[in-house]
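Below is one structure, written out as structure tokens; the observations come after it.
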Amino acid sequence: MEYRHQRFRLSFGRTQVMGIVNVTPDSFSDGGKFHDPAAAATHAMALVEQGADIIDIGGESSRPGAEPTTVEEELARVIPVIRALVKAIPDTPISIDTYKPLVAQAAMAEGAAMINDISGLRDPAMAALAAKSGAPAVVMHMKGTPKSMQNRPAYSDVVAEVKSFFKERIRTLTRMGVEKIILDPGIGFGKTANHNLQLLNRLEEIVAFGYPVLVGLSRKSFIGKALGENITDRETGGVVANAIAIAKGARIIRVHDAVLGTQTALMADCIRLGKKQVDRRGPTGP
Ligand code: HH2
């Protein structure tokens, strides 16, 4: 399966690595590091150099308890970075991590080629924008909002609830003309560590919808919780979790560390496909 948009081709024969660039002062693992547009652009170029296929730019933290950012502030953070990157890395699709249609629209006017919406395109204006532009759109499941989502999240069956959310979203969005849907269970968004583990354990059930599945688990707290109280380094746990997600059918992994991410994708793809030399330089670009 592949999604073509403008000059880009996202081919899901191999796992796509999405490198995270948070242009925020308060993101949970790298807040403040790339707040300056020049630092963010340099970091994005390094991620591409290390093998990232897609760059995901976000201007508002969605960590638990985070306060929303205004449209003006979010635009001021992300637009200069997108402008710089469209020139510097024209072969790499830029994804805009926002649930605000005005931010997505401005980002796409500057050359962003993909929408990553943690609210699952619940705002009809966002769905309309995805339909009109034809851009691939990540539809993520989140229970509540970042401000409140970790206040005792409860489900009778988390996987069943996420699946019924996707069922409704797919029906509504395809009716509105959104074709290039990517599903994301939303690891850590209104979920306990056990909920996250159940979603990963039963990821095949989400893959069964027939759309590409993205997982964003990099450095999240369920890894630290699974490995023990004092763990500060969550990278090894993230590599294992991403590899298992790929084995279960995930085709995009969203990562902070592109060296580890591309090695994970390559190794997991080699085993999954039963052959070496999976072409990591295969097309996502022109
Ligand atoms: N996770 C985060 C942000 N955006 N988008 C998708 N599709 N899936 C995710 O799991 C996801 C996401 C949170 O991680 P991060 O960007 O590192 O932190 P913050 O939200 O604090 O900026």
Side-chain angles (χ1 to χ4, degrees), residues 10 16-35 40 43-44 47 52 54-69 73-74 77-78 81 93-100 103-104 107 112 114-122 126 130 135-147 149-150 162 165-166 169 180-191 193 195-197 199-200 203 206 211-224 234-235 238 241-242 245 250-258 260-261:
L10 285 181
Q16 300 287 325
V17 175
M18 174 184 264
I20 303 170
V21 177
N22 287 317
V23 199
T24 58
D26 57 346
S27 284
F28 79 94
S29 89
D30 54 4
K33 260 172 107 175
F34 312 113
H35 191 27
H43 180 58
L47 291 171
I54 305 163
I55 291 294
D56 190 38
I57 311 249
E60 174 180 313
S61 173
S62 52
R63 77 189 146 71
E67 295 284 351
T69 312
E73 176 63 26
E74 206 175 318
R77 291 177 184 176
V78 298
V81 182
I94 309 285
S95 153
I96 175 71
D97 183 351
T98 189
Y99 56 86
K100 300 188 186 89
V103 173
M114 186 166 164
I115 299 169
N116 175 21
D117 182 350
I118 60 165
S119 78
L121 282 74
R122 268 182 264 194
M126 189 67 110
V138 179
V139 175
M140 197 194 81
H141 175 272
M142 166 167 61
K143 194 167 175 119
T145 62
K147 182 133 181 65
M149 65 189 180
Q150 291 309 109
V162 170
F165 171 77
F166 285 148
R169 289 285 74 202
K180 298 176 198 117
I181 294 172
I182 295 166
L183 301 177
D184 178 349
I187 299 298
F189 286 86
K191 284 132 193 153
H195 293 141
N196 294 320
L197 294 168
L199 282 164
L200 290 168
L203 199 68
I206 293 165
Y211 290 93
V213 169
L214 180 153
V215 288
L217 53 81
S218 185
R219 299 180 183 166
K220 288 188 179 168
S221 66
F222 80 102
I223 300 171
R234 299 175 180 172
E235 296 293 7
N242 274 322
R251 286 296 165 265
I252 306 180
I253 56 172
R254 185 180 179 277
V255 297
H256 295 92
D257 184 322
L260 291 177

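In each ligand, atom 1 is the first atom listed, and ligand 1 is the first ligand listed.
Near Ser62, with a cut-off below 4.0 Å to any heavy atom, the atoms of ligand 1 are 2 (C), 3 (C), 13 (C), 19 (P), 20 (O), 21 (O). Of all the atoms in ligand 1, the ones that sit under 4.0 Å from a non-hydrogen atom of Ser27 are 19 (P), 21 (O), 22 (O). Atoms of ligand 1 found under 4.0 Å from any heavy atom of Asn116 (numbered from 1 in listed order, with element): 5 (N), 6 (C), 7 (N). Applying the 4.0 Å criterion to heavy atoms of Val138 picks out, from ligand 1, the atoms 7 (N).
Counting only heavy atoms of the protein, atom 8 (N) of ligand 1 lies nearest to Asp184 OD2, 2.6 Å. In terms of protein heavy-atom proximity, atom 1 (N) of ligand 1 is closest to Lys220 NZ, 2.9 Å. For atom 21 (O) of ligand 1, the closest non-hydrogen atom on the protein side is Ser61 OG, 2.7 Å. Shortest contact from atom 3 (C) of ligand 1 to any protein heavy atom: Arg254 NH2, 3.3 Å.
No donor-acceptor distance shorter than 3.5 angstrom exists from the side chain of Thr69 to the backbone of Glu74, with no hydrogens or angles considered. When atom types are taken as modelled, the side chain of Arg219 and the backbone of His256 share no donor-acceptor pair closer than 3.5 angstrom.
Taking the side chain as every heavy atom from C-beta outward, Lys180 and Leu10 never approach each other to under 4.5 Å. Under the 4.5 Å side-chain criterion, counting only non-hydrogen atoms from C-beta, Leu214 is not in contact with Met140. A 4.5 Å side-chain heavy-atom check between Lys147 and Glu67 finds at least one atom pair inside the cut-off. Using a 4.5 Å heavy-atom threshold, the side chains of Pro68 and Glu60 count as touching.
Some N or O of Phe28 is nearer than 3.5 Å to an N or O of ligand 1, by distance alone. Considering backbone and side-chain N/O of Asp56, none are found under 3.5 Å from N/O of ligand 1. Taking any N or O of Asn22, backbone or side chain, at least one lies under 3.5 Å from an N or O belonging to ligand 1. Remark: ligand 1 and Gly186 share no N or O pair separated by less than 3.5 Å (distance only, no angle test). Some N or O of Asp97 is nearer than 3.5 Å to an N or O of ligand 1, by distance alone. For Ser29, no nitrogen or oxygen atom sits less than 3.5 Å from a nitrogen or oxygen atom of ligand 1, counting backbone and side chain alike.
The CG atom of Asp56 sits 4.5 Å away from the CG atom of Asp97 when rounded to the nearest 0.5 Å. Rounded to the nearest 0.5 Å, atoms CG (Asp184) and NE2 (His141) are 11.0 Å apart.
The two atoms that bring Val23 and Ala40 nearest to each other are CG2-CB, 4.1 Å, heavy atoms only. Closest of all the heavy-atom pairs between Tyr211 and Ile181 is CD2-O, 3.4 Å.
Residue contacts with ligand 1: Thr24 is excluded, as none of its non-hydrogen atoms falls under 4.0 Å. At least one heavy atom of His256 lies less than 4.0 angstrom from ligand 1.
Only the side chain of Met140 comes within 4.0 Å of ligand 1, judged by heavy-atom distances.
Identified under the salt bridge (charged side-chain N to carboxylate O under 4.0 Å, His left out) test for residues 16-33, with sequence neighbours left out: Asp26-Arg63.
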